[in-house]
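Small disclaimer: the values here were computed from a predicted structure and weren't measured. Atom set for the values below is all heavy atoms of this structure, side chains included, hydrogens, waters and symmetry mates excluded. In the text below, chain A, chain B and the rest are named by the order of the sequence lines, each starting its count at 1.
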Amino acid sequence: MATFQTLPGFREFYPEDLARRNHVFRLWRQTAVNFGFAEYDAPVLEPLELYKAKSGEEIEAQLFSFTDKGGRDVALRPEMTPTVCRLVGAKANALKRPIKWFSIAEFYRYERMQKGRGRCFNQFNADIFGEPGPEAEIELIALLVQCLCAFGLTEQDFYVRLSDRNLWFYYLEALGLDDARIRAVLGAVDRYEKYGDDAFKGYTEQFGALDPALKEKILAFLQIKSLAALEQTLANLGGKPAERLADWRKVMGGLEAMGLTRFVTVDLGVVRGLAYYTGFVFEAFDRKGELRALAGGGRYDDLVQKLGGPALPAVGFAIGDMTFSLLLEQRGLMPTFVSAPDVYCVIGGEAARRTAFADIQALRASGRRVEYPLKEVAFGKQFKQAADSGARIALIYGDDEVAKGVVKIRDLRDRSEHEVRAGDLFTVVRDFFAAD
RNA sequence: GCGGCCAUAGCUCAGUCGGUUAGAGCACCAGAUUGUGGAUCUGGGGGUCGCGGGUUCGAAUCCCGUUGGCCGCCCCA
């Protein structure tokens, strides 16, 4: 038994695991590039202050943080948002608009492990900076949907719930609540789905029981599941809520034109904690409701400035790799990756090996994937290994062939064989794969 | 941070009432097999029974602790 084990919550990627992860990353990356997003990366280790500034002191309990040898308080990054805000903020005036960036990176959180949650995980992050209007939301929700559809997932498998913290503020203001009460109500809304009426406990303790008529209106609002219902509820309010409806029509209209409304549900029950979001917020879930959130995001117009940059509106989202991979596996959409060479060389004695080596090196240099047995082994075993390897053809360098100046090519699928002159090998192999 | 369940070979698991040297299948390696296939047969490597302590003549088995895992709570940027 190994003396040293992996730290709790950390993952090791054996070749098959890494093949799956690479597959996920590859499609995410390709999708983001197709949408015109540019990839960036940044340090894994950041000043602890960066996260305290954004989320407050209590965040430290969930960080991998320590003091480095220079006496600096540092933390492994638990998320990308503060980092990307700093990057963009530092060069905001020099960057061509719109700023559409993405990254695929590893993050660390000191938390208890659970299904779909570990202490290290990967996230795909995509953000748009400098775009105050709902056009940015359309673009990002479309990207989010495509990042999942690229794997064969459909509207049967997942959906995106779209909500709006601005609208909540406007609506609750119109109902006569002050800022502190609004935040308490939003806290209750966030928990309502899970705890039902108990969700309002916190509010009651702080401000006393909520007026029944008021509560009824709040409950009705959080259960809104369509743009039409939203319009109806806000019809008589006028002012800010009515103005905000125009943004909603733009977002839903844009998504409809893209044919994406089947993936998107209006759902005012989502408010995404109380963090830094300032407008539209959205989360993606599996339809069966068995897993944790697949992705989450929203608008955070104040954060770049709060972290020392210029005032710069922003929208972004992140997809985590753990829950997402679970969903792919559940739906049978995670391919099994076979790592097969193009060519397997079957080699006789030492002299034959020297001849084979020259060809192997040349074929590999030309981009062909070539395998051969490192040690001298019996022919029968080599043919078995050739078949096991999954190679398309075997090149046979027996003593007879080498003496005749030929190489025997065996098609490992139909088991046909023919000899070619050593000088023609390159062309023949090339043509074989060109035709294959 | 709290609670429930679990831990025997790389993997899946068996192991009787506490009783001899802890087993099987799969996987891996080798041989049969210096010239033709995913087969078969034979053999091999691999274990501090998670770790530490206790009870006992004797512990994989019972007790306590601990570490790790799974699930749930808190949290989820």
Side-chain angles (χ1 to χ4, degrees), chain A residues 1-12 14 16 46 50-63 75-85 107-119 121 123 125 187 190-191 194-195 271-277 281 283 290-298 300 303 306-307 316-318 320 322-323 338 340 344 346-353 373 375-391 393-403 408-417 419:
Chain A
M1 201 53 67
T3 310
F4 298 107
Q5 36 185 314
T6 321
L7 254 15
F10 283 76
R11 296 181 290 174
E12 290 170 311
Y14 283 80
E16 286 161 27
E46 292 277 15
L50 182 62
Y51 304 111
K52 282 193 188 169
K54 192 202 118 203
S55 308
E57 295 284 332
E58 64 287 355
I59 197 69
E60 202 173 338
Q62 281 151 56
L63 289 176
L76 290 170
R77 61 183 174 200
E79 60 169 326
M80 196 55 113
T81 309
T83 301
V84 71
C85 283
F107 300 92
Y108 306 85
R109 294 179 187 177
Y110 200 89
E111 292 187 285
R112 190 80 177 149
M113 286 187 60
Q114 255 173 71
K115 190 175 187 179
R117 186 172 87 180
R119 286 181 170 183
F121 54 92
Q123 273 187 353
N125 273 263
D190 193 35
R191 293 157 172 273
K194 205 165 183 179
Y195 299 100
V271 293
R272 288 200 47 82
L274 290 166
Y276 47 70
Y277 289 108
V281 290
E283 294 188 322
E290 291 170 351
L291 303 170
R292 13 178 96 246
L294 291 161
Y300 49 100
L303 194 60
K306 196 174 169 188
L307 293 173
F317 73 87
M322 293 183 81
T323 301
V338 283
Y344 194 97
V346 173
I347 303 169
E350 269 311 307
R353 180 163 285 256
K375 289 184 298 185
E376 212 171 303
V377 293
F379 259 67
K381 181 148 285 188
Q382 290 195 56
F383 280 104
K384 190 171 166 173
Q385 283 171 353
D388 280 345
S389 77
I393 56 174
L395 296 182
I396 301 160
Y397 293 87
D399 295 334
D400 301 345
E401 286 84 358
V402 172
K408 194 181 275 180
I409 299 186
R410 181 179 177 87
D411 184 322
L412 289 166
R413 244 178 246 171
D414 64 21
R415 304 190 177 193
S416 64
E417 280 180 359
E419 290 182 348

Whole-Å distance between B:U36 C1' and A:Ile393 CD1? 16 Å

I'd like the P distance from B:U67 over to B:G23, given in whole Å. 33 Å

Strictly below 4.0 Å, N to O, side chains only: are A:Glu401 and A:Lys408 in salt-bridge contact? yes

Base-pairing mate for B:A30 - Watson-Crick or G-U, with both contacts under 3.5 Å: B:U42

For the C1' atoms, the ones on B:A7 and on B:U66, what distance do you get once it is rounded to whole angstrom? 13 Å

From the list B:C76, B:U36, B:A77, which nucleotide is the closest neighbour of the side chain of A:Tyr276? B:A77

Could you give the distance separating B:G31 and B:G35 at their P atoms, to the nearest angstrom? 14 Å

For the side chain of A:Arg415 and the base of B:U36, is some donor closer than 3.5 Å to an acceptor across the two? no

Give a yes or no on whether a donor-acceptor pair under 3.5 Å exists between the nucleobase atoms of B:G1, that is its base, and the side chain of A:Glu111. no

Here the distance between atom P of B:G38 and atom CG of A:Asp414, to the nearest Å, is 17 Å

For A:Glu290 and B:G72, what is the distance between atoms CD and C1' respectively, to the nearest whole Å? 16 Å

Minimum-distance nucleotide (side-chain atoms of A:Phe379 versus B:G35, B:G68, B:A39): B:G35

5′-ward residue of the pair A:Ala378/A:Glu79 relative to RNA chain B: A:Ala378

Side-chain donor/acceptor contact of A:Arg109 with base of B:C76 under 3.5 Å: no

What's the closest nucleotide to the A:Arg272 side chain, out of B:G35, B:C76, B:A77? B:A77

Reckon A:Arg413 touches a base, only the sugar-phosphate, or nothing at all at heavy-atom distances under 4.0 Å? nothing

To the nearest Å, give me how far apart OH (A:Tyr110) and P (B:G1) are. 6 Å

Close side-chain approach of A:Asn125 to A:Val84, heavy-atom, < 4.5 Å: no

Side-chain heavy-atom pair A:Val271, A:Tyr277 within 4.5 angstrom cut-off: no

Nearest to side-chain heavy atoms of A:Lys115, which nucleotide of B:A77, B:G38, B:G72: B:G72

Check: B:G37 base within 3.5 Å donor-acceptor of A:Arg410 side chain: yes

Among the nucleotides B:G37, B:A77, B:C75, which one has an atom lying closest to any side-chain atom of A:Leu412? B:G37

For atom C1', what is the distance between B:U61 and B:U55, given to the nearest Å? 13 Å

Find out whether A:Arg119 and A:Tyr108 are in side-chain contact, i.e. whether some heavy atom of one side chain is under 4.5 Å from a heavy atom of the other. no

For A:Glu417, which contact category applies under a 4.0 Å heavy-atom criterion: base, sugar-phosphate, or nothing? base

Could you tell me how far apart A:Glu16 (CD) and B:C28 (P) are, to the nearest whole angstrom? 12 Å

Counting only side-chain heavy atoms from C-beta out, which of B:C75, B:A77, B:C2 sits nearest to A:Arg112? B:C2

Using atom P in both nucleotides, what's the gap between B:G44 and B:G4 to the nearest angstrom? 46 Å

In Watson-Crick or G-U wobble terms, with both distances under 3.5 Å, the base opposite B:G47 is none

For B:G18, which nucleotide in any strand shown is its Watson-Crick or wobble partner with both distances under 3.5 Å? none

Which base sits across from B:G25 as a Watson-Crick or G-U pair, both distances under 3.5 Å? B:C11

Side-chain ion pair, A:Glu376 and A:Arg353, N-O less than 4.0 Å: no

Atom C1', compared across B:G68 and B:C49: separation rounded to whole Å: 16 Å

Taking the side chain as every heavy atom from C-beta outward, state whether A:Gln62 and A:Pro78 have any atom pair closer than 4.5 Å. no

Could you work out which one of B:G35, B:G38, B:C73 sits closest to the side chain of A:Gln114? B:C73

Atom CG of A:Leu395 and atom P of B:U36: how far apart are they, to the nearest Å? 18 Å

What does A:Gly9 touch in the nucleic acid at a heavy-atom separation under 4.0 angstrom: a base, only the sugar-phosphate, or nothing? sugar-phosphate

Regarding A:Pro8, tell me which of base, sugar-phosphate or nothing describes its non-hydrogen contacts under 4.0 Å with the strands shown. sugar-phosphate

Say whether A:Tyr51 and A:Glu46, considering side chains only, have a donor N or O and an acceptor N or O under 3.5 Å apart. no

To the nearest Å, how far apart are A:Asp411 CG and B:U36 P? 19 Å

Rounded distance in Å between the P positions of B:G52 and B:G47: 16 Å

Mind checking if A:Lys52 touches a base, just sugar-phosphate, or nothing, with heavy atoms under 4.0 Å? nothing

Identify whether any heavy atom of A:Gly348 sits under 4.0 Å from a base atom; if not, whether one sits that close to sugar-phosphate; answer base, sugar-phosphate or nothing. nothing

What is the nucleic acid contact for A:Glu350, judged by heavy atoms within less than 4.0 Å: base, sugar-phosphate only, or nothing? nothing

Would you please confirm or rule out a distance under 4.0 Å between OP1 or OP2 of B:C75 and any side-chain N or O of A:Arg191? yes

Is the OH atom of A:Tyr110 crowded by more than 12 outside heavy atoms at less than 6.0 Å? no

Using heavy atoms to find the nearest nucleotide of RNA chain B for A:Tyr397 and A:Lys375 separately, return the residue whose nucleotide is more 5′. A:Lys375

B:U8 versus B:G15 - spacing of their C1' atoms, nearest Å: 9 Å

Using a cut-off of less than 4.0 Å, is there contact between a side-chain N or O of A:Lys381 and OP1 or OP2 of B:G31? yes

Sort out the partner of B:C73 for me: Watson-Crick or G-U wobble, both distances under 3.5 Å, none otherwise. B:G1

Ranking B:A77, B:C70, B:A39 by distance to the side chain of A:Lys384, first place goes to B:A39

Round to the nearest Å and state the distance from A:Gln385 atom CD to B:G37 atom C1'. 11 Å

Among B:A39, B:A77, B:C76, the one nearest any side-chain atom of A:Arg117 is B:C76

Could you check whether any side-chain heavy atom of A:Leu395 comes within less than 4.5 Å of a side-chain heavy atom of A:Ile409, counting everything from C-beta outward? yes

Looking only at side-chain atoms of A:Lys194, point me to the closest of B:C73, B:C70, B:G38. B:C73

